[in-house]
Every structure is written in structure tokens, then in C-alpha cells.
Amino acid sequence: MQTSDASAKSGAIPRKASHTPETVTIKPQRMGFTFDARVPRYWVNNNYLVSHTMNALSVLFPQGEQFFVDSVRAFRKDIQDEKLKREVRGFIGQEAMHSLEHDAMNQHVAELGMPVEAMEQDLKQLLDVVRLLPERHQLAITCALEHITAMMADLLLERDDVRADLHESMQPLWVWHAIEETEHKAVAYDVFKQAGGTYTERAFYLLLSTAVLGVVASWFTARMMLRDRKRFSLTDSARGLWQLWGRKGAFSSLIPSWLDYFRPDFHPWDKDNSERVAEFKKQIEQHIAPEYQATNRRTLQ
């Protein structure tokens, strides 16, 4: 593996570590989303397979984002760049809000009869193993998964057809999440780089993290589909697979962005989509619950 630079060896992360645009503010916002009978069982294009796929991803978020927070927090004491320090605080706060909002969604999914609690227990066991890795390797995993979530966020904000497939009762949650994932998409990466993270580490862990995420998300999706098997439709499932992996599919379209991560000079803000974020932030403000409009409530710092 490549050796870290002298500043990383000294134990302190040097100044001027942040590369997030000055126009981007990383600020946590509690939304207070609620999920009730208005949400259709199959809320993504009325499709059985795609809806369960997105439900499975939601189950991953609360514990996954706590892992992200912990991996970044492990290096916070070494950061000297005041801007990056503020961004780390914002990152931690935003991830906390994501966990709270997806907990609410996951409770709704559980009420539909899905085995959410069992899947959460399985995920905890997996993450307990991952936490045995060296701290910088855990941070490399966070960088890899943050890249994947940032790719998905950019796709959602960029493509009208993808957003249109989401039922109106679910669209605000996912658009809000995409906005904040984009805002903090470089925080873990900047901390990793300044902590002496190497190209070999980040490339290896993108490959490994992608494979593990694919297996776990597919496993969780399959378990939901099995629980919901009375509504199984081969035609509907085939249509869902095409929607995800066919020409211009939601997942297949991400491949070029995924490959970008392997460029030695890659940085998450190589694609500056901050203007699009600002545009959607204005739209999403109307969905903030009244009790959260005046203040932001931060739970993890």
C-alpha cells in the first residue's frame, strides 16, 4: 500500500483539508415525515420488485449511517481545518436525521408484515464484524458507500423520470435524503485523504463494499419478496429488473460514476451539482413538519 504523507504521520490532519464548495452548507434538518395509509404497498412505479428493493435499502440506512458517523468521528480530533471541522459536525448531524426519518419509514414497512427487525439484527452482526477492522479501513468503507449513495442521489435529482416513479407520499423523503447526501458527499473522503488514506485502500474497499452491499441488499429484498409472495408476479418482477438494470436503468446508469472512483485524481466534487441541490432545497422546505420548521434538532455530535 502507498505510504501516507508526513502530515498524516505526525497525527494531525493539516489545514485546507476541505474541498466542498463554499456555496454548500452542510446543515442537519429534521423533517418529521409520516407514513400512513396514503403510501401504497408498491410505491415505486407500482412495482413489486423495485418497491421491495428500495424498502431493503431503507432498512440499511439507520445502522449503516451510524457506522459512517463512527468511522469519521474516530479521526475528528486530528482535524485542524476549521471548515472541515464544521463539515464533520454537519455530516454527523445530517446522518442522525437520516436515521430518524428512515426509522419512521422502516416502522411503516414492518407494519406491512416485512421482517424488518430480523434484518436489522442480521445487519448489526455484519457491522460488528466490520468494526474489527483498523479505523482507517472502516473510513475507507464509509468513503466507498458514501460514493454509492452520492451516485444514487445525483441520479434522483438529475432524472425527472426516476423521481416521477416515486409515489408522492414517498418522494419528499428520498429527495430530501438525496439533497443532504450530495451536500456532504466529500466529507468522509476529505477526512480519509488527509488522514493518510491510500489509493489502494479506497479502490479495494469500493470493490469489496459494492459486492457486500449487493449481496445484503439482494438478500433483504428477497426476504421481503418471499414474505410478500402471495402478490408475486413474474411479469412485474421482470419489468422491475429492467427498470433497475436495463437500458437507462436506475442502477445500470450508475456504472460510469462508479468507475470514476478508480481515477487516481478522483474527488467527489469533480461533478459540481450544487446548483441542483439549491434548486431542490427550495422545493423540499414545504415538507418540513411544523414542529421542525423553526429549529434543527441534532442528536449526534
Side-chain angles (χ1 to χ4, degrees), residues 13 17-34 57-58 60-107 127 131 135 138-139 141-143 145-150 152-154 156-157 172-192 194-195 268-269 273-274 276-278 280-301:
I13 295 177
S18 168
H19 294 85
T20 298
E22 295 292 340
T23 56
V24 174
T25 301
I26 303 172
K27 181 179 179 182
Q29 172 64 61
R30 183 71 196 272
M31 298 295 291
F33 292 119
T34 57
L57 290 177
S58 183
L60 298 176
F61 284 135
Q63 290 187 67
E65 292 184 327
Q66 181 63 60
F67 173 83
F68 298 168
V69 164
D70 292 342
S71 67
V72 170
R73 183 185 276 140
F75 292 89
R76 184 166 65 169
K77 64 183 181 299
D78 299 322
I79 300 172
Q80 294 182 341
D81 179 359
E82 291 300 323
K83 182 172 182 288
L84 185 55
K85 282 183 180 180
R86 292 193 300 272
E87 290 168 357
V88 166
R89 288 195 295 270
F91 169 85
I92 291 172
Q94 286 188 337
E95 296 290 37
M97 297 302 104
H98 300 171
S99 295
L100 291 171
E101 301 296 347
H102 280 279
D103 273 336
M105 174 181 166
N106 295 342
Q107 178 61 37
L127 290 174
R131 292 178 193 276
E135 288 181 339
Q138 295 182 47
L139 184 57
I141 292 171
T142 292
C143 291
L145 293 173
E146 281 287 294
H147 176 60
I148 292 172
T149 55
M152 296 176 69
D154 185 54
L156 182 63
L157 298 180
L173 167 67
W174 292 88
V175 170
W176 163 78
H177 195 160
I179 290 168
E180 296 202 346
E181 286 297 333
T182 303
E183 288 176 333
H184 69 233
K185 65 180 177 179
V187 174
Y189 189 91
D190 285 341
V191 173
F192 173 75
Q194 297 303 316
W269 279 106
N273 50 357
S274 56
R276 185 169 293 274
V277 167
F280 278 98
K281 283 190 80 167
K282 293 178 182 178
Q283 298 177 20
I284 208 66
E285 287 176 355
Q286 64 181 304
H287 296 284
I288 302 173
E291 61 267 34
Y292 300 115
Q293 288 180 357
T295 60
N296 296 319
R297 299 188 180 183
R298 305 178 186 184
T299 60
L300 295 177
Q301 291 296 320

*Asks:* For R86, check salt bridge (Lys or Arg N to Asp or Glu O under 4.0 Å) against everything at least two apart and list the hits.
*Replies:*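 For R86, no residue satisfies salt bridge (Lys or Arg N to Asp or Glu O under 4.0 Å) once neighbours in sequence are set aside.
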*Asks:* Does any non-hydrogen side-chain atom of Q29 lie less than 4.5 Å from one of E285?
*Replies:*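 No; the side chains remain at least 4.5 Å from each other.
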*Asks:* Taking the basic N atoms (NZ, or NE/NH1/NH2) and the acidic carboxylate oxygens, is any pair closer than 4.0 Å for K27 and E180?
*Replies:*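 Judged by the 4.0 Å cut-off on N to carboxylate O distance, K27 and E180 do not form a salt bridge.
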*Asks:* What is the distance from atom CG of L139 to atom CG of D70, rounded to the nearest 0.5 Å?
*Replies:*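 Those atoms lie 11.5 Å apart.
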*Asks:* Determine whether F67 and Q138 make a side-chain contact, defined as any pair of heavy atoms from C-beta on separated by less than 4.5 Å.
*Replies:*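 SC-SC contact between F67 and Q138 confirmed.
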*Asks:* Please round to the nearest 0.5 Å and tell me the distance separating atom CG of D103 and atom CZ of F61.
*Replies:*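 The CZ atom of F61 is 12.5 Å from CG of D103, to the nearest 0.5 Å.
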*Asks:* Please identify each residue that fulfils salt bridge (Lys or Arg N to Asp or Glu O under 4.0 Å) with E183, with sequence neighbours left out.
*Replies:*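 Checked E183 against salt bridge (Lys or Arg N to Asp or Glu O under 4.0 Å); matches are K281.
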*Asks:* With the side chain counted from C-beta on, respond yes when P21 and V24 share a heavy-atom pair under 4.5 Å apart, and no when they do not.
*Replies:*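 Yes, their side chains come closer than 4.5 Å.
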*Asks:* Going by the rule side-chain hydrogen bond (donor to acceptor under 3.5 Å, both in side chains), which residues pair with S71 if we only count those two or more places apart in sequence or in a different chain?
*Replies:*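 So S71 forms a side-chain hydrogen bond (donor to acceptor under 3.5 Å, both in side chains) with T142.
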*Asks:* Under the rule for side-chain hydrogen bond (donor to acceptor under 3.5 Å, both in side chains), what residues qualify as partners of R276, not counting sequence neighbours?
*Replies:*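 Testing R276 for side-chain hydrogen bond (donor to acceptor under 3.5 Å, both in side chains), a comparison that skips the adjacent residues, returns none.
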*Asks:* What residues form a salt bridge (Lys or Arg N to Asp or Glu O under 4.0 Å) with E65, not counting sequence neighbours?
*Replies:*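 If we apply the salt bridge (Lys or Arg N to Asp or Glu O under 4.0 Å) test to E65, skipping adjacent residues, there are no hits.
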*Asks:* Measure the spacing between CG of N273 and CZ of F280 and express it to the nearest 0.5 Å.
*Replies:*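 Spacing of CG (N273) from CZ (F280) equals 10.5 Å.
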*Asks:* Can you confirm whether K77 is buried at NZ, in the sense that more than 12 heavy atoms of other residues, nucleotides or ligands lie under 6.0 Å from that atom?
*Replies:*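 Yes, NZ of K77 has more than 12 neighbouring heavy atoms, counting only those of other groups under 6.0 Å.
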*Asks:* Would you indicate whether the side-chain heavy atoms of R89 and R76 approach each other to under 4.5 Å?
*Replies:*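 Heavy-atom side-chain distance check passes, below 4.5 Å.
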*Asks:* Parallel, tilted or perpendicular, judged at 30° and 60°: which one describes the rings of H102 and W174?
*Replies:*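 Rings of H102 and W174: perpendicular, over 60°.
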*Asks:* Can you list the residues that meet the salt bridge (Lys or Arg N to Asp or Glu O under 4.0 Å) rule with D154, with sequence neighbours excluded?
*Replies:*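 D154 satisfies salt bridge (Lys or Arg N to Asp or Glu O under 4.0 Å) with K271 once adjacent residues are dropped.
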*Asks:* Does the ring centre of Y189 sit less than 6.0 Å away from the ring centre of H147?
*Replies:*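 For H147 and Y189, the ring centres are not under 6.0 Å apart.
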